[in-house]
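Report on one structure; see the data block that follows.
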Number of protein chains: 2
Amino acid sequence: MAQYSTQLDGVFQALADPTRRAVLGRLGAGSASIGELAAPFDMALPSFMKHIRYLQNTGWITTRKTGRVRICTLVPKSFDDIEAWLSEQRRIWEARTDRLEHFVTTTQDKEASK
Amino acid sequence: MAQYSTQLDGVFQALADPTRRAVLGRLGAGSASIGELAAPFDMALPSFMKHIRYLQNTGWITTRKTGRVRICTLVPKSFDDIEAWLSEQRRIWEARTDRLEHFVTTTQDKEASK
DNA sequence: CGAATACTGAGCCATGCGGCTAAGTTACCG
DNA sequence: CGGTAACTTAGCCGCATGGCTCAGTATTCG
């Protein structure tokens, strides 16, 4: 069985904030510095940095420092984790509709054999 | 522009907990009572109830009370919200690779015209 | 060298989360 | 009618989150 728990917790938690989702959206278009990423937000830099560190800790981005500038790069791996979870849910869902169909079929058979 | 913020916050936050993900998985297979849902978890009922209320408040489930039993039912609508966000990210991602390809092409053209 | 730029670290604050217990409330069973 | 079952309410606790300010540190520019 899949060991979902801990990994997915952070992956989803990271997405549960509009600032972080926006940052990921921006980074989808290419790497950027902290300053560039922070510019659109009406927020003090240290506050913004917490989001960056969060994204880094949960594996959504990597960063490297060049001179006094830190560049952030998207790591799209976590998208796959989400897709995997979603398709697992779909699988469960479909198994259910299969059973419902079976039930309906069985019921119809009973009706037919009356 | 899409007004992502508030709605998605809760949708993702709800998934950022293994108990709640497990409940959704179980409900994918069909509706169930609070007691049935809580059984697999080593947790006091009031604690578990908070998760149920959370899932309800974020729109993942609906509940109705019949006698002294409360039945919970999955509302799969939020899956669509997630899919929408994911495909938006893919769109951004692909626009980027397009630009990269264009850049490569342009560079090659330059090279070719040297 | 001195100043400006780009972060970074430390620490405060309010709120919310995820767990708990203890004490209701509301059906249903005998 | 009394008891048990199935939630439900209220309230406490510790920790994490998301914001802030104020004061560093480290590069780069003139």
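Between A:Asp42 atom CG and D:dC20 atom P there is a gap of 8 Å when expressed in whole angstrom units. A:Asp17 has its CG atom 13 Å from the P atom of C:dC17, to the nearest Å. Rounded to whole angstrom, the span from the CD1 atom of A:Ile52 across to the C1' atom of D:dG19 amounts to 16 Å. Rounded to whole angstrom, the span from the CD atom of A:Glu36 across to the C1' atom of C:dT5 amounts to 14 Å. The CZ-P distance, from B:Phe48 to D:dT8, rounds to 12 Å in whole Å. For the pair A:Met43 CE and D:dT17 C1', the computed distance is 12 Å after rounding to whole Å. Between B:Ile34 atom CD1 and D:dT8 atom C1' there is a gap of 10 Å when expressed in whole angstrom units. Following rounding to the nearest Å, A:Leu37 (CG) and C:dT8 (P) show an atom-to-atom distance of 12 Å.
Of the residues near DNA chain D, A:Pro46 and A:Thr66, the one whose nearest nucleotide (by heavy atom distance) lies more toward the 5' end is A:Pro46. Nearest-nucleotide positions on DNA chain D place B:Met49 closer to the 5' end than the other of A:His51 and B:Met49. Residue A:Arg70 is the one, among A:Lys50 and A:Arg70, whose nearest nucleotide of DNA chain C lies closer to the 5' end (criterion: closest heavy atom).
Of the side-chain N and O atoms in A:Ser47, one or more sit less than 4.0 angstrom from OP1 or OP2 of D:dC20. Note on B:Lys65: a side-chain N or O is less than 4.0 Å away from OP1 or OP2 of D:dT8. Residue A:Arg20 places at least one side-chain N or O closer than 4.0 Å to OP1 or OP2 of D:dG18.
In this structure, of C:dT21, C:dT8, D:dG19, it is C:dT8 that holds the atom nearest to the side chain of A:Arg53. Of all nucleotides listed (D:dC7, D:dC20, C:dG19), D:dC7 comes nearest to the side chain of B:Val69. Closest contact between the side chain of A:Ala44 and the listed nucleotides C:dG18, D:dG19, D:dT21 involves D:dT21.
Nearest approach of A:Phe12 to A:Ile82, heavy atoms of both residues: CE2-CG1, 4.0 Å. B:Leu74 approaches B:Gly28 most closely through the heavy-atom pair CD2-CA, 3.8 Å. Across all non-hydrogen atoms, the minimal contact from A:Ser31 to A:Arg26 is O-NH2, 3.9 Å.
Checked by distance alone, A:Arg68 brings no side-chain donor or acceptor within 3.5 Å of a matching partner on the base of D:dA26.
Among the protein residues, B:Thr19 comes within range of no part of the nucleic acid, since none of its heavy atoms lies under 4.0 Å from any strand. Using a 4.0 Å heavy-atom criterion, one finds that A:Leu45 contacts the bases of the nucleic acid, with or without backbone contacts as well.
The closest donor-acceptor contact from the side chain of A:Arg70 to the backbone of A:Ile34 lies at 3.5 Å or more, if one exists at all.
Side-chain contact between A:Phe41 and A:Thr19: present, with at least one pair of heavy atoms (C-beta onward) separated by less than 4.5 Å.
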